[in-house]
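Because the structure is a prediction, the values reported are computed rather than measured. Convention: sequence-line order gives letters A, B, ...; per-chain numbering from 1.
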There are 2 protein chains.
Amino acid sequence: MSEARPISLRERQKEDRRARITAAARRLFVEAGLEKITIEAIAEIAGVSSVTVYNYYGTKSGVLLALVAESDRELLGTLARDLIGKPQEVVDLVLRFFEIICRHALDHLDKAVWRQVISASVSGTEPRFGKSYHELDNRLANVLIREVERLKAIGKVPATSDATHLGWALFNLQNARFVEFIASDDVHPNQILRHLRNDLEALMPRPAPRD
Amino acid sequence: MSEARPISLRERQKEDRRARITAAARRLFVEAGLEKITIEAIAEIAGVSSVTVYNYYGTKSGVLLALVAESDRELLGTLARDLIGKPQEVVDLVLRFFEIICRHALDHLDKAVWRQVISASVSGTEPRFGKSYHELDNRLANVLIREVERLKAIGKVPATSDATHLGWALFNLQNARFVEFIASDDVHPNQILRHLRNDLEALMPRPAPRD
DNA sequence: CTAAAACTTTTAGTCTACAAAAAATTTTGC
DNA sequence: GCAAAATTTTTTGTAGACTAAAAGTTTTAG
């Protein structure tokens, strides 16, 4: 077969093991929730020793972080495809942004698992975790900020508002609602979407439209 | 001595132990951070057995929750004293609210400990924790909402904005910044206060004042 | 083909949260 | 005072995260 690549067998095996570990972890986490799952169990399903899992990911949270990072790349792609350039109003922009993120989150992991993600991102126990998660937040916020800039250019945002500041404020706002969404299994996406719409309309009362 | 109270000796002893446990926990948590401290250590300093700590508070997070609940009551009092009725502008209201909360937080616990609090409140591992913390949030948000209502009554809030929705949005906004404040030991209160001011001014550009 | 390098696995062990039950102590109602 | 009730402590034990080091295996360079 055509393998004249500079990728050694060793590297490929490592990739393979990594993939097997994250796949096993995703499956088990979603099936039973992070705390119910032991590293041993992940290792067994992945077909490696538990020590290998530790060598690769350091801690259980480390494995979780890898899952989040994976789903991340995809989310940015989805946003580029389904959001960028489309909305023509600020409220609409934030609502769509939020909707895409919620849908994406549930597609990839469980609410119970996301709770652990958010929890770990702020706990400070795993400094690497917090840092990585924060970087994701930055990338997401930047998507929103650039869209706000676009809307400002076409006059949909008051000239007196700084686009970056507004972008961050809107990001934080929707993020608060995202956490609320994740926090309870009983909250329905539409319900929370309404909350967010209420937030936005209370903060930015739309000027009376003229026919 | 004048003790014709219905309070039995037993109850008082229990109160005493409780107080000793929370005091020991506060001291140790602030000294070394939640994860470094074992229940044994708390029990030893409090002069009880570790099993008693479990009987009283269930888990280590349970002890933490008790600390938060304590500081809570005080915070509501402080808000009533130093905030309610004072600010005459929305931006000012939120900024003061935020400042009081930040100061109060640092007066009582460490950033590292607050990280654990926030982390536990969302992790879902200790359902009681999440619920209690959420109730505090509600009480705090209500303070803000009532102040927004007051400002609306004197025309400082557009009549088209719903006071409850606006209050919640503002609360969520400042809470996001609070989490950011807590998340890193390097963030200075004034720095984060500036961020929050930027948020507010971008969202609610003040109408040109007339002389 | 072989020796060295690079990994992984095995093994053995530490630490801490948390549980359950037996034992000891203390308070209280009388 | 004393028996009963309540509660704490002691004891014993489990489980799982995480670590260090020895042993074994596989890849790779020459």
Between atom [atom1] in [X] and atom [atom2] in [N], what is the gap in whole Å?
X     : N      : atom1 : atom2 : answer
A/I37 : D/dC18 : CD1   : C1'   : 18 Å
A/E44 : C/dT10 : CD    : P     : 12 Å
B/E40 : C/dT16 : CD    : P     : 9 Å
A/E11 : C/dA5  : CD    : C1'   : 15 Å
A/R12 : D/dT27 : CZ    : P     : 11 Å
B/R18 : D/dT7  : CZ    : P     : 11 Å
B/K14 : D/dA5  : NZ    : P     : 17 Å
A/R20 : C/dT8  : CZ    : P     : 11 Å

Among the nucleotides [options], which one has an atom lying closest to any side-chain atom of [X]?
X     : options                : value
B/V51 : C/dT16, C/dT11, C/dA20 : C/dA20
A/S49 : C/dT10, C/dA17, D/dC18 : C/dT10
A/R17 : D/dC18, C/dT8, C/dT16  : C/dT8
A/I39 : D/dT8, D/dA17, C/dT8   : D/dA17

*Would you classify A/Q13 as touching base, sugar-phosphate or nothing, given that sugar-phosphate means primed atoms plus P, OP1 and OP2, and contacts are heavy atoms under 4.0 Å?*
sugar-phosphate
_Classify A/S50 by what it touches in the nucleic acid, base, sugar-phosphate, or nothing, heavy-atom distance under 4.0 Å._
nothing
*Phosphate oxygens OP1/OP2 of D/dC18: is one of them under 4.0 Å from a side-chain N or O of A/K60?*
no
*OP1 or OP2 of D/dT8 less than 4.0 angstrom from a side-chain nitrogen or oxygen of B/Y56, does that happen here?*
yes
_Flag if over 12 foreign heavy atoms under 6.0 Å of CZ, B/R17_ = yes
*Side-chain donor-acceptor pair under 3.5 Å between B/E35 and A/T125, yes or no?*
no
Before accepting this row, confirm whether a basic side-chain N of the pair [X]/[Y] lies closer than 4.0 Å to the acidic partner's carboxylate O.
X      : Y      : answer
B/E149 : B/K152 : no
B/R177 : B/E180 : yes
A/R12  : A/D16  : no

